[in-house]
Amino acid sequence: MDELVKRDGSEFASSEEVLSFLGHDKCRIVYRLSRKKNLQKHGERSAERAKGSSLFLLDYDRSQEYPTVYEYPNDPVYKSFAPLFSNDGSRILYNHTFIATDIYILPIEGGPPTKVAFGANPHWCYDETNDTTYIIYRNQNAKFFSVLQDGITYKLKIDSDNKPVGEPEVIAANGFGGGMSTDGRYLCSAHSFLMAMDRNTGAVSAPLGTVFCGPERTNQCCCASIAPDNTGRMMALRWPHNRISVMGWDGSGLTHYYIPEDAGEWQTPEWSTHPDFATGSIMNNEMIYDIVLVSLRDKKYLKITKDGGYIHAHLWVG
C-alpha cells in the first residue's frame, strides 16, 4: 500500500483568503478527486459521480500561507463517495459508491480506516447532551420518484477508537440519506423528492411537493443534508442545478443560493460542521468541477480550487 503523502497546497486558495472568508483561524476541507474530466453526456457524468475516487484533505491554519494537502493512498479501501468530517474534525466518514457499500471511519492523525457498518449515505450525528457520537445511514439508496424513500434508517454509536458500540438501532422505517439533527428529532433525505421527518411526532413532510410541479417544473431535489444543530433545517440541490435551497423541515424559511455567474451548475452541496457554512462544487461549460465555500448568512461564495476535478467536498470549521 502506498504511504500517505503530505505536501504544500499552493495551487489552492491561500490561508488568508479562506480563513478570512470564514472568520475562523483553522479549517479542514475533505474532498474526492474525479480523475475523468470533460465528460460530454449527462449519463457519463452521473455514472462517474456515482463511483468512489481518490480521497484528499486540505488543512488550513494561519501559520501557513497555503494549506497542507493530504493525499491518501491509491488503494480500494480509501476510495470515497461523499467523505464527511466528524464534529471535531478528527475523523472522516465515508462509503465507496452511491449505492450501499462498506462504511469506514478514517482517523486524520494516522492509522488505517476502520470498517464500522454496511450501507448508503452515512452521516455523523454528535449528541452534545451526553457527549456521544453516532453515525446515521440507510441500508440501501433510494429509487427515483418516491416520496417515502426506500430502505431502513439506522443509528449506530461509535466510540473514541472508531469502533461500533452494540448493534445498530432502527430509527425510521424509510430510508433517510441526509442525516439527523443533533437533538435526534429530525431526519431528511432527497432523491427526486425532498423528504423530512419529525421523530417526536412521526410526521413526514414533503415540503416542496411532487417532482416537476409548479410553474417552473423545477422541484426535483437531490444531495440533501441537515444543519449541524437542532433546528431541523435542510439543504438540497434543485433541478436544473441552478440553486441550492435551504428550508425548515416543514418548508418554512425557504432560501435559495444561486450559482455564481461564471458557473454552469451546482453539484454536491453539503452542510459543513458549522451551521453558517456549506460547500458545493460548481461545474463550468467544459464540465470541470471546482470547490466553492458558501456563507449561508450573506450568500457570499469563495472558489478555492482552480484546475478542476474536485467534487463532494466537506468543510470542518475550527
Side-chain angles (χ1 to χ4, degrees), residues 24 82 84-93 103 105 116-117 119-139 147-149 151-160 162 164-190 193-208 221 223-236 244-255 269-279 294 296-297 314-318:
H24 290 263
L84 298 173
F85 283 114
S86 58
N87 72 298
D88 63 358
S90 68
R91 300 183 274 183
I92 300 170
L93 175 70
I103 297 172
I105 294 175
V116 295
N121 310 120
H123 279 71
W124 295 100
C125 184
Y126 176 67
D127 184 348
E128 61 183 12
T129 61
N130 59 12
D131 191 27
T132 302
T133 297
Y134 301 93
I135 63 168
I136 311 299
Y137 62 97
R138 53 184 173 184
N139 66 330
V147 175
L148 294 175
Q149 296 176 6
I152 298 169
T153 306
Y154 294 96
K155 179 175 78 170
L156 178 63
K157 184 177 178 180
I158 303 294
D159 68 18
S160 58
N162 301 324
V165 179
E167 295 298 316
E169 174 190 353
V170 175
I171 58 172
N174 298 104
F176 288 87
M180 185 167 71
S181 58
T182 55
D183 60 0
R185 178 170 180 174
Y186 299 105
L187 291 163
C188 79
S189 198
F193 296 93
L194 187 64
M195 179 178 77
M197 180 180 186
D198 181 345
R199 296 182 61 231
N200 283 5
T201 65
V204 175
S205 169
L208 297 177
C221 300
C223 298
S225 58
I226 201 162
D229 55 28
N230 61 9
T231 62
R233 291 173 296 154
M234 304 175 292
M235 174 182 294
I244 300 166
S245 296
V246 172
M247 70 209 77
W249 86 279
D250 57 357
S252 58
L254 180 63
T255 304
E270 186 73 42
W271 221 305
S272 79
T273 62
H274 190 294
D276 288 341
F277 301 103
T279 52
V294 180
L296 300 175
R297 294 172 298 185
H314 188 233
L315 168 69
W316 170 77
V317 181

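This is a predicted model, so every value here is computed, not measured.
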### Message
Is the shortest side-chain heavy-atom distance between Trp271 and Val246 below 4.5 Å?
### Response
yes
### Task
Kindly indicate whether the side chain of Thr273, heavy atoms from C-beta on, has any atom under 4.5 Å from the side chain of His314.
yes
### Message
With a 3.5 Å distance limit and no angle check, can you tell me whether Asp127 reaches the backbone of Thr132 through a side-chain donor-acceptor pair?
### Response
no
### Query
Can you name the ring-ring contact (aromatic ring centres under 6.0 Å, His included) partners of Tyr134, sequence neighbours left out?
none
### Message
Tell me whether Thr182 contacts the main-chain N or O of Asp229 through its side chain, where contact means a donor paired with an acceptor under 3.5 Å.
### Response
yes
## Note on the structure
Rounding to 0.5 Å, atoms CG (Asn230) and OG1 (Thr129) come to a distance of 10.5 Å
### Message
Less than 4.5 Å apart, side chain to side chain, heavy atoms only: is that true for Thr153 and Met197?
### Response
no
### Message
For the CG atom of Leu84 and the CG atom of Leu315, what is their distance to the nearest 0.5 Å?
### Response
11.5 Å
### Query
So, for Arg233 and Pro275, which heavy atoms are closest and what is the spacing to 0.1 Å?
NH2-CB, 3.7 Å
#### Entry: Heavy-atom neighbours of Lys157 NZ exceed 12 at 6.0 Å
no
### Query
Can you find a pair of side-chain heavy atoms, one from Ile136 and one from Leu187, that are under 4.5 Å apart?
yes
### ring-ring contact (aromatic ring centres under 6.0 Å, His included) partners for Trp249, two or more places apart
Tyr186
#### Entry: Closest heavy-atom pair and its distance - Arg138, Gly175
NH1-O, 2.9 Å
### Message
If I take atom CD1 from residue Ile158 and atom SG from residue Cys125, how far apart are they, to the nearest 0.5 angstrom?
### Response
12.0 Å
### Query
Given the rule in the side-chain contact (heavy atoms from CB on, under 4.5 Å) test, do Leu194 and Cys188 qualify, once you have shown the distances and angles that lead to the verdict?
CA-CA 8 Å; Leu194 187 64; Cys188 79; 5.6 Å; no
### Query
At what distance, to the nearest 0.5 angstrom, does CZ of Arg185 lie from OG1 of Thr231?
11.5 Å
### Query
Side chains of Asp131 and Tyr126: does their closest heavy-atom pair fall under 4.5 Å?
yes
### Summary
One should read off an interatomic distance between Ser205 OG and Met247 CE, to the nearest 0.5 angstrom, of 9.5 Å
### Message
Given 3.5 Å as the limit, does a donor-acceptor pair link the side chain of Ser189 with the main chain of Gly177, or not?
### Response
yes
### Query
After noting the C-alpha distance and the side-chain angles of Trp124 and Ile135, does the key distance pass the side-chain contact (heavy atoms from CB on, under 4.5 Å) rule?
CA-CA 5 Å; Trp124 295 100; Ile135 63 168; 4.1 Å; yes
### Task
Test Phe277 against Val294 for side-chain contact (heavy atoms from CB on, under 4.5 Å), laying out the working first.
CA-CA 6 Å; Phe277 301 103; Val294 180; over 6 Å; no
### Task
Any chance you could measure Thr255, atom OG1, to Ile244, atom CD1, to the nearest 0.5 Å?
12.5 Å
### Message
Any side-chain to backbone donor/acceptor pair from Ser225 onto Cys223? Under 3.5 Å, distance only.
### Response
no
### Query
Hey, does Thr279 have a side-chain heavy atom less than 4.5 Å from the side chain of Ser272?
no
#### Entry: Contact summary for Leu254 and Ser245, nearest pair of heavy atoms
CD1-CB, 4.0 Å
### Query
Is any side-chain heavy atom of Met235 closer than 4.5 Å to a side-chain heavy atom of Leu296?
yes
### Task
Output, in order, the C-alpha distance, side-chain angles, deciding distance and verdict of side-chain contact (heavy atoms from CB on, under 4.5 Å) for Met180 and Ile226.
CA-CA 6 Å; Met180 185 167 71; Ile226 201 162; 5.6 Å; no
